[in-house]
Amino acid sequence: MTQHPLLEQLNDKQRAAVSAPERHMLVLAGAGSGKTRVLVHRIAWLMQEVQLSPYSIMAVTFTNKAAAEMRGRVEELMGSSTRAMWIGTFHGLAHRLLRAHYLDAKLPQNFQILDSDDQQRMIKRIMRSLNLDEKRWSPKQAMWFINAKKDEGLRPHHIDGYDFNERTYKEIYDAYQVACDRAGLVDFAELLLRAHELLRDNSIVREHYQRRFRHILVDEFQDTNAIQYAWVKLLSGGGESTDNFVTIVGDDDQSIYGWRGAKIENIHQFTRDFPNVETIRLEQNYRSTNTILSAANSVIANNSDRLGKELWTEGGDGEPIDLYAAYNEMDEARYIAGQIESWHEQGNALTDVALLYRSNAQSRVLEEALLHARIPYRIYGGLRFFDRQEVKDALSYLRLLVNRNDDAAFERVINTPTRGIGARTLDIVRDGARQRSIPLWDAAKQLANEKVLTGRAANAVLAFIDLMDTLEDDTADFSLGRQVDTVIKNSGLMAMYQAEKGEKAETRVENLKELVNACDNFDQFDNAVNEELTPLNAFLAHAALESGEEQADEHQDAVQLMTLHSAKGLEFPLVFMCGVEEGLFPSQQSLDESGRLAEERRLCYVGMTRAMQKLVITYAEQRRIYGKEMLHRASRFIAEIPPENLHHVRMVSRSQADTTPAMGRFHSGASHEAFAETGYQLGQRVRHTKFGEGTVLNYEGSGAQSRIQINFDDVGSKWLVVAYARLDRC
DNA sequence: GGGAAGCCTTTTTTT
DNA sequence: AAGGCTTCCC
């Protein structure tokens, strides 16, 4: 029997998932097991073989990148357009629902989206208006509280407020929500919650979409939070419908977003809520060597409550995992740069190398070492384009143009550039708005007209109001690009940044020009949600929901630096996991709170399984954190790797490193001197009869009185007099 | 309104 | 260590 073309080149498990009859399915897809491939082929299969219209399929992801990749691959496979299919992020699809049913969702047609920065500012203002003690209550924590409640599907009235803290937060949440509703503003969590409430409370809308979406496929299900789960459940008839089918794909071992509300249990819950779920495990790995997989398997085996899964490969063993114990973070960085140099000299590409770390602060020292070694690199996860100050200024003008009630935008631009509307005037306007329960814009207008605001202040406010109204009239017929260009110029924003001096200001001017460019190139019909919106509204939604992936020239052959979190879903031939130390990874916070260690271990598992050919793990005995020198021991995760998979790299000879002139921060003569004075080099491994093995960290004095500091693996750091310590070099 | 000085915080990130 | 934020002062 000839194989169906869609099933060719799939393994048995993948084939079973792709060609399964219509039913609920749980695909437990291990790292590198061809998860996206299965999803894409399944969608194609539903259309080709089950003869479903793309109209009746919804596919949900977490990131725009994943959604774009999925859509692209389905189109490639089908050779046809998938426009009718809803493929997008949870937030993108929720937004689409809200736009289509804004009246039912009790939103103004021109509602705008708040990003987390806007949200935090808004909360801060609310807290000020509530006269809360700023020392005691932080906007950040209030935001955290509000979002956590929204992610749980909770409104202020759902919160008891027995406890004083909760009561205060509840009050903030309440006032914040009132302010958002009045201003026509929706934060990210609100998109999901509103869409959920819309479906829950409106049977006509709900049943329409239930009839429409026969198949819903959800990627990375281990990262869903309560509201996302509830959302999928509502849309699919809650497992009770016989005409709706849900496929979830995920890996409980790669759940690394528990700290922002993701519930790994949603995977278990799915098998309970939905009938006859077929579970398919994809365990064959097409990415890594046997060595890397068995090490990763062995680390993750230390977690309990797993659904159970063991990765295997038909590939070879490959090289052992290198483990480098650095003396400090500079030494670690220098070692890594050296290894990358020899990898490059052997004719390998730098793009194939990734440096993964637990926290962003670690990148600086790595960067310095790469810079010094003249190795080009690229850092992921910086400030995104639409999040930049000047771009947000411009977007706020545009938002206010579209929706005068947008208090967040009003606050941002009212005096940017300065136009004589100071803090005092603003306070009066805020007060007036609060008393009359109206938006800031209306309050400003009324107060100026009523002469509550006097002379200069009133004139300035009226001039601003006139500026916005004129901008709206004048640019109504313009193309999007010209409209935005005019707003940036006539508002004075461009002139303000042009007047500033320095490299930073130049970049800001460039970014404003780039924003106009982006408008010119913006294809609103690229995204079906936007078809019914004005071009400007479509662009604003795009800016809020797709924060603009940095597309630095991808052609440059550069090493990639990123956090372990952002590495999820990616793969690289050579991977360095840096700073694998107790207190850093697993992080101190995760050690302090029970139950968080397992997630750190999963993060370690994610990091290790990024490596295709070669994995290098490094840690530093001593590291400067927040300006303080800290002593660390190797991470427990290292001890969880089978010894036969590990190769301990000996400390690079210090004297060799020191002979390189002009090493800047990386020139360390200290070790040299230490050797001359004490007979031991910094970073050297030694053994003590009582304390066991350790690493030499520091020294003082010379000759018979000299003392050295040793960080012992088991008992921590100690100062010993060299003459009496009877140390063995090892 | 803007600059200097002092205080505080500090994981992980998408939308 | 360093950046962000507030406050203070002209």
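Throughout, a chain's letter reflects where its sequence line sits, starting with A, and its residues are numbered from 1.
- Between the side chain of T89(A) and the base of dT14(B), no donor-acceptor pair of N or O atoms lies under 3.5 Å.
- Annotation for S255(A) and D223(A): closest pair CA-OD1, 4.1 Å, computed over non-hydrogen atoms.
- Using a 4.0 Å heavy-atom cutoff across all strands shown, Y257(A) reaches sugar-phosphate atoms only and no base atom.
- Here dT15(B) presents its P atom at 19 Å from CD1 of I227(A), a figure rounded to the nearest Å.
- Among the atoms of the strands shown, only primed sugar atoms or phosphate atoms (P, OP1, OP2) are found under 4.0 Å from some heavy atom of G420(A).
- Of the two residues near DNA chain B, E600(A) and N415(A), the one whose nearest nucleotide lies more 5' is N415(A).
- Ring centroid separation for the pair H542(A) and F522(A) comes in under the 6.0 Å cut-off.
- In this structure, R388(A) fails the cation-pi test against F385(A), since its NZ or CZ atom is not both closer than 6.0 Å to the six-membered ring centre and inside 45 degrees of the ring normal.
- The nearest whole Å value for the distance from the CG atom in L383(A) to the P atom in dT14(B) is 12 Å.
- At the heavy-atom level, N360(A) lies under 4.0 Å from the strands shown only through sugar-phosphate atoms.
- Here the P atom of nucleotide dT11(B) and the CZ atom of R623(A) are 15 Å apart, to the nearest Å.
- For an aromatic pair to be called close, the ring centres must be under 6.0 Å apart, and Y169(A) with W144(A) fails this.
- Of the listed nucleotides (dT12(B), dT13(B), dT15(B)), dT13(B) has the atom at the smallest distance from the side chain of R260(A).
- K65(A) places its NZ atom 15 Å from the C1' atom of dT15(B), with the value rounded to the nearest Å.
- The side chain of Q589(A) has dT11(B) as its nearest neighbour among dT11(B), dT15(B), dT13(B).
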Pairs: protein N or O with nucleotides 2-4 of chain B N or O, under 3.5 Å:
none

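- Using a 4.0 Å heavy-atom cutoff across all strands shown, S566(A) reaches sugar-phosphate atoms only and no base atom.
- Contacts of A544(A) classified as side chain to side chain contact (heavy atoms under 4.5 Å, CB included), with partners at least two apart in sequence or in another chain: I113(A).
- Under 4.0 angstrom from either OP1 or OP2 of dT13(B) there lies at least one side-chain N or O belonging to T563(A).
- Summarising the geometry, the separation between CG on D219(A) and C1' on dT14(B) is reported as 14 Å, rounded to the nearest angstrom.
- To the nearest angstrom, P of dT12(B) lies 24 Å from OH of Y605(A).
- Nearest approach of L193(A) to G153(A), heavy atoms of both residues: CD1-CA, 3.7 Å.
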Under a 4.0 Å heavy-atom criterion, the protein footprint on nucleotides 1-10 of chain C, written with B, S and -, is BS--SS----

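- Comparing dT13(B), dT15(B), dT12(B) by their closest approach to the side chain of N64(A) singles out dT15(B).
- A cation-pi arrangement, defined by a distance under 6.0 Å to the six-membered ring centre and an angle within 45 degrees of its axis, is absent between R636(A) and F585(A).
- At the heavy-atom level, R602(A) lies nowhere under 4.0 Å from the strands shown.
- Computed from coordinates, the L564(A) CG to dT14(B) P distance equals 14 Å when rounded to whole Å.
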- Query: Going through the checks in order, is the salt bridge (Lys or Arg N to Asp or Glu O under 4.0 Å) test met by D252(A) and R306(A)?
  - Reply: CA-CA 7 Å; D252(A) 53 330; R306(A) 299 174 58 219; 5.4 Å; no

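- In this structure, the ring of F90(A) has its center less than 6.0 angstrom from the ring center of F62(A).
- Ring to ring, Y257(A) and W259(A) are close: their centroids are under 6.0 angstrom apart.
- Residues S587(A) and D115(A) both approach DNA chain B. Their nearest nucleotides, taken by heavy-atom distance, put S587(A) toward the 5′ side.
- Atom pair I113(A):CD1 and dT14(B):C1' shows a separation of 13 Å (rounding to whole Å applied).
- Residue-to-nucleotide contacts include no donor-acceptor pair under 3.5 Å from the side chain of R384(A) to the base of dT14(B).
- Nearest heavy-atom pair, A408(A) versus M122(A), reported as atom, atom and distance to 0.1 Å: CB-SD, 4.0 Å.
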